[in-house]
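First the structure, in the form of C-alpha cells, and then the observations on it.
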There are 2 protein chains.
Amino acid sequence: MRILLVEDDAETAAYVARGLEEAGHVVDRAADGQDGLFLATGGGHDVMVVDRMLPKLDGLSMVRAVRAAGIATPAIFLTARAGVGDRVEGLEAGGDDYLAKPFAFAELLARINALARRPPLQQEQTVLRVADLEMDLIRRAVTRAGQRIDLQPREFRLLEYLMRREGQVVTRTMLLEGVWDFHFDPKTSVVETHISRLRGKVDKGFERDLIHTVRGAGYVIRADG
Amino acid sequence: MRILLVEDDAETAAYVARGLEEAGHVVDRAADGQDGLFLATGGGHDVMVVDRMLPKLDGLSMVRAVRAAGIATPAIFLTARAGVGDRVEGLEAGGDDYLAKPFAFAELLARINALARRPPLQQEQTVLRVADLEMDLIRRAVTRAGQRIDLQPREFRLLEYLMRREGQVVTRTMLLEGVWDFHFDPKTSVVETHISRLRGKVDKGFERDLIHTVRGAGYVIRADG
DNA sequence: GAGGCACCGTGAGGATCCTGCTCGTCGAGG
DNA sequence: CCTCGACGAGCAGGATCCTCACGGTGCCTC
C-alpha cells in the first residue's frame, strides 16, 4: 500500500514512516502542507496521514485543497487536540478519521487498513463497467453488450450512483440524498418509479438482470445472479 | 447499534428513523423531551440524536438532565440554527456533536459512527466469519464455501446475531430481544421457524452443520461438530 | 407568446414476497 | 414408554414493491 505522510516534526515522521515501512507499505513523505498538497495531487496514494499543524499550509487546508482538486484519497488526521470542535472541522474539511497524539501505532495501522479497505468508490474513472454494461461519464453514453441505451438525466444519475457502488446495497435514503438531493421522505414512489424505468432500459431483453432489489433494504447492481 | 431519536416533527422523525433502520440500526423514538429523557435514562443506547426544539422539555435541557442522571450516551443535536453560540451551548450541555438542518443523511450516519466508535476491537468490522461461512455487512451478502446464499431480512439479522456470538449459546429470549425487538414471550415458535429456515439455507447440502441446537437452552453457531 | 414535446413526480392498483402462526410429527431424555 | 421440546411444512395476512397512466413543468420552436 502506498501512503503519504505529511508531518513536520522529523522525529515523529521518522517513527511513523519506519513503522509503516515495516508493515510493508511504501511511504512518501512531506514536511509541510505545500509539499504535501503537491504530492497528494500527484495521486497514487491509498491513504494520507496528515498532521494538523503544519508549516506553510495547515493540514486542514491542505486536505480541503486536495479534495477540491478532485482527489478522494482517504485522509487521517493526527492532532494534539481532539476536542469535538476539532473533529467536526476535520470531517468537514474532507478528513475521514482522526487520531489524537500520542497514539498507539497499532491503532494507526488499524485505521489505515480500515480506510483503505473500504469500497473504492471507483473515483476518477471515466468509464464505469458492470458486466457487459458500460457507462462513459464523459460522453454521457451507456451501452449494454455494445448496444446503445438512451437514458434520461435522472435515470443516468441513478444508474451512475448504482454502478459506482457495484455489489453494495444502496438504500432508498441514500438514493434520495445522492440522486435527488432530497433530505426528507417524499412519501411517494419516486425511487421505485425510476428504478422501474431504468430496468426497462437496462435489463429488459437481456439474459440476466443486473439490477436487483433487496427487500426492506434497497437495490444493488451486480453481475452475478 | 441502538439509537435513540428524539424529534417532534413526525416527518423528519420518520425519515431519519427509516434511514437509520436501513443502515441496520435499531431505533427508539420519542416525540418530546420528557419521553426522550425517560427512554434515555433507561439506558442501552449507543447514541442519541436529539432535536433542539422539543415540546415539554427542550433538547438542551433534556441532555443536561440525562447527563445529570449519570448517563454518558453520546448525543448529537439536530438544529435549525447552528451559529457559534448555539454550538457552544450544545457542547456545554453535554452534547457531543452538532448538525444543522437540513443535513445530508450520510453526514448524520458518519457522525453517529464516529461517536459510537466503540472500543477499537469490534470497530469497523464489516465481515463476519465462521468456518467457511462469511457475512459481509456492507454488501449484505452471505456466502458459504464461496457460494452465494440469499437471506431474507429477518434471517439476515438472525444469522448476524448468531455469528457475532460464535461459540456462545444464544437463548430464545436473547433472540427475541435482539432480533425481533420483542420484550415479551410471543408464545409461538417464531424463533424455531426462522432457525429452521436458516438451516435450510446455511447448513443443508453442506458437509458439516454450523447451527446447533442446545436442548432446553437455545442455539449456537460453531465451526466444529 | 402559443403550441408542442420531453421529462419527471404522483398515486392507485395489483403482483409479489415475507413472516409469523398453527399443527402434525419426530426424537431425546427421563 | 411417556413427556416435552424441537422441527418443518403449509397457509394467510400484510408489508413491500412494481407498473402504468396521468398531469404538471419547463424548454424549445416557430
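Naming: A, B, ... by sequence-line order, numbering from 1 per chain. Remember, predicted model here, so these are calculated numbers, not experimental data.
Distances shorter than 4.0 Å separate none of the side-chain N or O atoms of Arg215(A) from OP1 or OP2 on dC17(D). Contact annotation: His194(B) does not reach the phosphate of dT19(C) (side-chain N/O to OP1 or OP2, under 4.0 Å). Trp180(B) has no side-chain polar atom (N or O) that falls below the 4.0 Å cut-off from OP1 or OP2 of dT19(C). Within the 4.0 Å cut-off from OP1 or OP2 of dC7(D), at least one side-chain nitrogen or oxygen of Tyr219(B) is found. Close to dA6(D), at under 4.0 Å from its OP1 or OP2, lies a side-chain N or O of Arg172(B). Note on Arg154(A): every side-chain N or O is 4.0 Å or more away from OP1 and OP2 of dC7(C).
When rounded to the nearest whole Å, the span between CD of Glu21(B) and P of dA15(D) equals 15 Å. One atom, CG of Asp150(B), and another, P of dT16(C), lie 19 Å apart when rounded to the nearest Å. Atom C1' of nucleotide dG9(C) and atom CG of Leu176(A) are separated by 12 Å, given to the nearest angstrom. Distance Asp209(A) CG to dT16(C) P: 15 Å, rounded to the nearest Å. Distance CD1 (Ile195(A)) to P (dT16(C)): 19 Å, rounded to an integer number of Å. The distance between atom NE2 of His212(A) and atom P of dT16(D), rounded to the nearest whole Å, is 22 Å. Going from atom CZ of Phe156(A) over to atom P of dC7(C) covers 14 Å, rounded to whole Å. Whole-Å rounding puts the Arg157(A) CZ to dG9(C) P distance at 10 Å.
Salt bridge Asp203(B)/Arg144(B): present, at least one basic N to carboxylate O contact under 4.0 Å. Ion pair Arg29(B)/Glu7(B) not flagged as a salt bridge, since none of the NZ, NE, NH1 or NH2 atoms sits closer than 4.0 Å to an Asp/Glu carboxylate oxygen.
Aromatic ring pairs are classed by plane angle as parallel below 30°, tilted from 30° to 60° and perpendicular above 60°; the pair Phe184(A) and Phe182(A) is parallel.
Using a 4.0 Å heavy-atom cutoff across all strands shown, Gly200(B) reaches no nucleic acid atom at all. Residue contacts shown for Gln152(B) are limited to sugar-phosphate atoms, with no base heavy atom under 4.0 Å away.
Comparing dC8(C), dC18(C), dC7(D) by their nearest atom to the side chain of Arg197(A) picks out dC8(C). If you check dG9(C), dC7(D), dC18(D) against the side chain of Glu192(A), the one that comes closest is dC18(D). For Thr213(B), whose side chain is taken as the heavy atoms from C-beta onward, the closest listed nucleotide among dC17(D), dC7(D), dT22(C) is dC7(D). Distance from the side chain of Thr188(A) is smallest to dT10(C) among dT10(C), dC18(D), dT22(C).
Counting only N and O atoms by type, the side chains of Arg199(B) and Thr213(B) include a donor and acceptor under 3.5 Å apart. In this structure, a donor-acceptor pair under 3.5 Å is present between the side chains of Glu177(B) and His183(B).
With the end axes of the helix from dG1(C)-dC30(D) to dG30(C)-dC1(D) each set by five pairs, the angle from one to the other reads 30° at 10° resolution.
A cation-pi geometry, defined here as NZ or CZ lying under 6.0 Å from the six-membered ring centre and within 45° of its normal, holds between Arg165(B) and Tyr161(B).
The nearest pair of heavy atoms linking Leu57(A) to Leu37(A) is CD2-CD2, 4.1 Å.
For Lys187(A), the NZ atom is densely surrounded, since the number of other residues' heavy atoms within 6.0 Å is greater than 12.
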